[in-house]
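Inspection log for the structure reproduced underneath, given as C-alpha cells.
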2 protein chains.
Amino acid sequence: MPTTELTATITDAEWRVMRIVWTLGQADSHTIIDLLVRQHDWKPATIKTLIGRLVKKGALGTTKDGRQYIYHPLIAEQAAMDTALTTELSQMCAMCRGKAFVHAIDETELSQEDIQALISHLQKKLTTAPTAVSCDCLPADYEGSC
Amino acid sequence: MPTTELTATITDAEWRVMRIVWTLGQADSHTIIDLLVRQHDWKPATIKTLIGRLVKKGALGTTKDGRQYIYHPLIAEQAAMDTALTTELSQMCAMCRGKAFVHAIDETELSQEDIQALISHLQKKLTTAPTAVSCDCLPADYEGSC
DNA sequence: AAATTGAGTTTACAACTGTAAACGAAAGGT
DNA sequence: ACCTTTCGTTTACAGTTGTAAACTCAATTT
C-alpha cells in the first residue's frame, strides 16, 4: 500500500502555502491564492502550481466541495518543522551545533513559556551530557577545529 | 567593487566539501577528494565540480602551490551555520519556533558547556520575553493555531 | 623528446524549483 | 442553449543542484 509518504520534502515556496493551510486548518484555493497574493508578489497561476505540487507530493489532501476543492494538510506542521530543523542541523559539524543554537536562540523571539520549556529540557539534558562533542567532519584521522 | 558576496548560498552537497576545508583550515584537491570519496560514494569528478562551484561562488579561495591549488574558506563556518539555521527558522511560523527548538535540542547531542551557555542565554532572554508570540502565517485577519 | 599523469575546466544531463501562461471543462448567468 | 467566469490541469522555461564524463594543459617519467 502506498502509505502516506511522510518524507515529502517541502520547498521554500511551498512552505508558504502550507503555512496558510496549516493555520486555517483547511482552505479552498481562492482563499489560499488571495492570502498569498497579498503576502508576496506572486501571480495566482504560481500559487495554483504550488498547490498542485503539494497535492501530488502528498502534503495536502483534497475534499470535493461542489465544483471546487477544499485543501487540508496531510502532514503536521510541527512535525514538518522538527524535521526541517533537524535535517538542517544534521548536515553541520556536530561540534559546532551548540553555538549555532545559541545564535539562533538569540535571534528568535520566544515566549516565556517556550523559554521555560527549553530551560527545563536543557537542565534534564545536562545530567547526561558529555563533556565535549567532537567534530565529525572527517573520517577518523586529524583533529577538529570549529 | 564586487565585494565578497557573503550571501553565497551553499547547497547540501557543497556543505560536505566546506566542512572538510573548514576543519582542515586549508586543503589541496587531492586531500578533499580523498576524504570525500571515503565518506560518500561520490566520484572524484563530482567533487571537482563542487570545488569549482564553491570557488566560483566565493566560498573557497585559492592559493597557487606549484601546479595545483590550495583551497581555503572565504566564509566562516560558524557564520554559515548561524545563517543557515536562522534562514530555516525564519520561514516557519513564529509561534511554533519554540517547540521546534525543543525538539531539535532533544535530538541533538550537546556538551555540558554548550548546554550551560544555552541555559544562561535563555535565562537572560526570559527577563524580556513576551508572554506569547503570535502566529505570523497570515496577513492580519484570522487567528493562528499551531 | 615522447608518453603519461594529474590538476583544474568544460560540457552534459536529468530532476527539482520558482514563476507563470495557456488550456479544458464545469457552473452560472441571460 | 450560448457566453463567461472559475477552478484545476498542462505546458513552459530558465536557473539550480546532484552527479559525472570528457577535455586541456602543464609537469613528470622513461
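A note on names: the letters A, B, ... follow the listed sequences, proteins ahead of strands, and every chain is numbered from 1. As the structure is a computational prediction, the values presented were derived from the model and not from experiment.
- Rounded to a whole Å, the NZ atom of B:Lys43 is 16 Å from the P atom of D:dG18.
- Put simply, the side chain of B:Arg16 and the base of D:dT17 share no donor and acceptor less than 3.5 Å apart.
- Checked options B:Ile20, B:Leu35, B:Thr23; the residue passing with A:Cys137 is B:Thr23 (criterion: side chain to side chain contact (heavy atoms under 4.5 Å, CB included)).
- Take the nearest nucleotide of DNA chain C for A:Asp41 and for B:Gly52: the residue whose nucleotide is more 5' is B:Gly52.
- Residues B:Thr31 and B:Asp28 have side chains that bring a donor and an acceptor to within less than 3.5 angstrom of each other.
- Between B:Arg19 and A:Asp136 there is a salt bridge, with a side-chain nitrogen of the basic residue lying less than 4.0 Å from a carboxylate oxygen of the acidic one.
- When the P atom of D:dT17 is taken as reference, atom CD1 of B:Ile47 falls 18 Å away, rounded to whole Å.
- Protein atom NZ of A:Lys56 is 12 Å distant from nucleotide atom C1' of C:dA15, rounded to whole Å.
- Between the CH2 atom of A:Trp42 and the P atom of C:dA21 there is a distance of 15 Å, rounded to whole Å.
- Of the candidates C:dA21, D:dC7, C:dT10, C:dA21 carries the atom nearest the A:Ala45 side chain, counting heavy atoms from C-beta on.
- At a cut-off of 3.5 angstrom, the base of C:dA7 holds no donor-acceptor pair with the side chain of B:Ser29.
- When the C1' atom of C:dG8 is taken as reference, atom CG of B:Asp28 falls 13 Å away, rounded to whole Å.
- Side-chain atoms of A:Arg53 stay outside donor-acceptor range of the base of D:dT10, with no qualifying N/O pair under 3.5 Å.
- Two residues, A:Gln68 and B:Thr11, neighbour DNA chain D, and the one matched to the more 5' nucleotide by heavy-atom proximity is A:Gln68.
- OP1 or OP2 of D:dA20 has at least one side-chain nitrogen or oxygen of B:Thr46 nearer than 4.0 Å.
- Here the side chain of A:Leu50 is nearest to one of C:dT10, C:dT19, C:dT9, namely C:dT19.
- Regarding B:Ile51, its CD1 atom lies at a distance of 16 Å from the C1' atom of C:dT10, rounded to whole Å.
- Note on ring orientation: taking the six-membered ring where Trp is involved, the planes of B:Tyr71 and B:Tyr69 are perpendicular (angle over 60°, cut-offs 30° and 60°).
- The distance from atom CE of B:Met92 to atom CE of A:Met18, rounded to the nearest 0.5 Å, is 13.0 Å.
- Ring planes of A:Phe101 and B:Phe101: tilted class, angle from 30 to 60°.
- Rounded to whole Å, atom C1' of C:dG18 lies 13 Å from atom CG of A:Leu54.
- One can place CD of A:Glu14 at 8 Å from C1' of C:dT17, the figure rounded to the nearest angstrom.
- Rounding to the nearest 0.5 angstrom, the gap separating the CE atom in B:Met81 from the CH2 atom in B:Trp15 is 7.0 Å.
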Pairwise N/O distances under 3.5 Å, protein to nucleotides 25-30 of chain D:
none

